[in-house]
Amino acid sequence: MQTAAKQSTQPFPQLFPLMAITQRPATVFVKGRGSWLYDSDGKAYLDFVQGWAVNCLGHSPAPLVAALTAQAAALINCSPAFFNQPMIDLATALTAASGLDQIFFANSGAEANEGAIKLARKWGRLHRDGAYEIITTAHGFHGRTLATMAASGKDGWDDLFPPKVAGFPKVPFGDLEATEQAITKKTVAVMVEPIQGEAGVIDPGDAYLPGLRALTRKHGILLIADEIQTGMGRTGKMFACEHSAVAPDIMTLGKGMGGGVPLAALLAKAEVCCFSHGDQGGTFNGNPLMTAAGLAVWQELTKPGFLAAVTAAGNYLTEGLAALSAKHGMGTVRGRGLLQALDLGAPVANQVAAAALEAGLILNAPRPDSLRFMPALNVSCGEIDEMLKILDMVIGQIPRRQ
Ligand SMILES: *Cc1c(COP(=O)(O)O)cnc(C)c1O
């Protein structure tokens, strides 16, 4: 397998018998340490994507490896119908920190959001005369199951895999007036990302979530915060809702929560927790191996000074990107903490990301004109400098005027 990949750096979509869901570079990754990833040729890459904001402590961090090793030796999986200790400990920690009362563990963000949608619909049936519609936003992203695709506002998704799951009217992100106008007797909830991630790191400003909280209270409907990308310290607070002191009724977590392993969660206030036995479940949900990993991550994120360091690193990254932008005549820097985007001022983001990969830097291009930065939360200033140096060189090579 590795020799086949070594033969060429040309993109061969059918190199291996894997369904072609995206264009993968023709190399095989074999090792990761902190902010660095290595392929089978021994080439090192500085990783500012980290598995899509997933490896929040970097690649193979010691506390996570130790927790997985110890738990694997003790108990990997009992049953979702039994309690296990890491499940209980992580549930206790996350409910206490979020101010929400109960948690349901899942294996992916989409599954957590799917659970949030089910919970809101059940609540609407019990308490709001069968209301089931969930208002979501244009360009929002909530996952790739049928319902979460319908909840997402991604361009081109409306016509995929018909028939589409009904009940997700869309409003522009950041628009409180349009949201209030969209509320009807059928509305049960509003569901948003505090900062839109896949849309290209779009920050709606600090008045938006408090505005939505007031609106949803006034109309007696639920506020669902999808914190799958923004949660777990990514923006410098444990949950991005904390920046504007908003308490949602339902919150979903994923990505950074497991530090690299599949772990996600749905949290809710007690009065919303209306699942009956059999309404919700999942074979692997809350298994001790994954929740032990989540607990190890949680213990690192809650160490004194950890979140302050994320904010400091975020500020350092913003300054560096702003200086680079000024030097090359590019656009603005968006985002918060270690979730940021740079507007390149021209639709060359895919070219820049490809050239960066060649130069040993992993970056993501969420939009034709923007790069996204989501490094490990413990990234060093030296690593940020190194990233900026490579990016400076790459941008210098790519003509931005077409
Ligand atoms: C990544 C993401 C999801 C989907 O999570 P998966 O684990 O890929 O299913 C949902 N919502 C947001 C905001 C995300 O960033």
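Counting convention: from 1, in listed order, for ligands and their atoms alike.
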Assess whether a salt bridge exists between Asp369 and Arg367, defined as any Lys/Arg side-chain N lying under 4.0 Å from an Asp/Glu carboxylate O. yes

If you measure from the Lys or Arg side-chain nitrogens to the Asp or Glu carboxylate oxygens, is any gap between Asp203 and Arg334 under 4.0 Å? no

Hey, which of Lys122, Arg125, Lys118 is the one that makes salt bridge (charged side-chain N to carboxylate O under 4.0 Å, His left out) with Asp279? Lys122

Among Arg144, Arg372, Lys154, the one residue meeting salt bridge (charged side-chain N to carboxylate O under 4.0 Å, His left out) with Glu198: Arg372

Sequence neighbours excluded - ring pair (Phe, Tyr, Trp, His ring centres under 6.0 Å) pairs with any residue from residues 142-184: Phe141-Trp157, Phe173-Tyr208

Less than 3.5 Å apart, N/O on ligand 1 and N/O on the protein: could you list those pairs with the distances?
| unit_1 | atom_1 | unit_2 | atom_2 | d |
| --- | --- | --- | --- | --- |
| ligand 1 | 7 (O) | Gly109 | N | 2.8 |
| ligand 1 | 9 (O) | Gly109 | N | 3.3 |
| ligand 1 | 9 (O) | Ala110 | N | 2.7 |
| ligand 1 | 11 (N) | Phe141 | O | 3.3 |
| ligand 1 | 11 (N) | Asp226 | OD1 | 3.4 |
| ligand 1 | 11 (N) | Asp226 | OD2 | 2.7 |
| ligand 1 | 15 (O) | Gln229 | NE2 | 2.8 |
| ligand 1 | 15 (O) | Lys255 | NZ | 2.6 |

Salt-bridge present (Arg217, Asp249; N to O < 4.0 Å): no

